[in-house]
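What follows is a single structure, written as structure tokens, with notes after it.
Order of the sequence lines fixes the chain letters, A, B, ..., with proteins taken first and strands second; residue numbering starts at 1 for each chain. Predicted, not measured: the structure shown is a model, and the values here were computed from it.
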Protein chains: 2
Amino acid sequence: MTEPEAERAPLDPEMFDPVCPSPLAPFRVGDKWAPMVLRCLQDGPRRFSELKVPLGGVTAKSLTRSLRGLEQAGFVAREEHGGTERRVEYSLTPLGRGLLGALDAACEWTREHWDELIDAQEAGLSGTAGR
Amino acid sequence: MTEPEAERAPLDPEMFDPVCPSPLAPFRVGDKWAPMVLRCLQDGPRRFSELKVPLGGVTAKSLTRSLRGLEQAGFVAREEHGGTERRVEYSLTPLGRGLLGALDAACEWTREHWDELIDAQEAGLSGTAGR
DNA sequence: GTGGCTGGTTTCCGATCGGATACCGCCCTA
DNA sequence: TAGGGCGGTATCCGATCGGAAACCAGCCAC
């Protein structure tokens, strides 16, 4: 099992480079932020405000919508720790962990063919410019 | 190489069941019709009007947009056979064939976990109904 | 010359997506 | 009593998505 937060490394605020071209990847899961949320949860549960850090410009609304979607699909679990302080933690379900694995395979294919993808797209952009 | 159309089996008009729940699959490629278009091209080049058949309700506009997108990304090639009759054929590029293979792997994962996906989603729908 | 097939384009329209901004209750600390 | 952090909601807005319907040129057969 994973250690209780304090023992886990905090999320790297720059784990998603703002100029990263990942929107060009042909595979998509959920909405715009969903794949990154899954990635953020791979080392254990995370709090709402913890997730906002590496996700740069995400607004609370967008992050909430993304989390609700993942929760409804059964990929993410939301747990309210009703202690004296407010504390909500999100974690991967086993199904969500499996999805992340499958997504990794898709990412791997993308990485392997990245140069071809870029070249083909540039050729396509110039070749179909007039239509 | 593939035989010249007349020798290839025509596309099954019902190859995409209208009640097929594939929109529930977590992986998406391109726009709404793109994965089905790729699938239609796996046995060789197809004509525009040939593609419309198994794609049930697709409008010419939507199919055109989808094909242009795939062409621009370098997954599909468009060839105009300027003979006496008008004839346009769409085919997979090597890159597109590779994408279809990777997509197959994602589909396989989805098929393997289909029951879990359905169960989890139903639980999620009832569990988060009030939020 | 009229109609039909092919492979589209154009216009319009409603639905959805995603961001900006403001606001909220609850709890803690100073 | 005021302010700050947490975990959100509510409202508005512009951009994009996707379908319906109309229209089009080129070529064919009747």
Please report the distance, rounded to the nearest Å, between CZ in R28(B) and C1' in dG18(D). 14 Å
Output the rounded distance in Å from CZ (R68(A)) to C1' (dC17(C)). 18 Å
Can you tell me the distance, in whole Å, between the CZ atom of R47(B) and the C1' atom of dG7(C)? 9 Å
Can you check whether S49(A) has a side-chain N or O nearer than 4.0 Å to OP1 or OP2 of dG7(D)? yes
d(CD, E50(B); P, dT6(C)) in whole Å: 11 Å
Per the side-chain hydrogen bond (donor to acceptor under 3.5 Å, both in side chains) rule, what does the pair list look like for residues 93-106 of chain B, sequence neighbours excluded? R39(B)-D104(B)
Measure the shortest side-chain to side-chain distance between L63(A) and K52(A) over non-hydrogen atoms and say whether it is less than 4.5 angstrom. yes
Residues pairing under salt bridge (charged side-chain N to carboxylate O under 4.0 Å, His left out) where one sits in residues 109-118 of chain B, two or more places apart or in two chains, turn out to be E108(B)-R111(B)
Reading 5' to 3' through nucleotides 19-30 of chain D, protein heavy-atom contacts under 4.0 Å coded B for base, S for sugar-phosphate only, - for none: BB------SS--
On DNA chain C, check which nucleotide each of K52(B) and D31(A) is closest to and give me the residue with the more 5' one. K52(B)
What is the separation between atom CD on E71(A) and atom P on dG7(D), rounded to the nearest whole Å? 15 Å
Interatomic distance where CZ belongs to R46(B) and P belongs to dT6(C) [whole Å]: 15 Å
Give the rounded distance in Å between these two atoms: CD of E80(B) and P of dG7(C). 10 Å
The salt bridge (Lys or Arg N to Asp or Glu O under 4.0 Å) partners of E80(B) (sequence neighbours excluded) come to R78(B)
Ring pair (Phe, Tyr, Trp, His ring centres under 6.0 Å): pairs with one or both residues in residues 15-69 of chain A, sequence neighbours excluded: none
With sequence neighbours excluded, residues passing ring-ring contact (aromatic ring centres under 6.0 Å, His included) with W109(B): H113(B)
In whole Å, I'd like the distance from the CG atom of L67(A) to the P atom of dG8(D). 8 Å
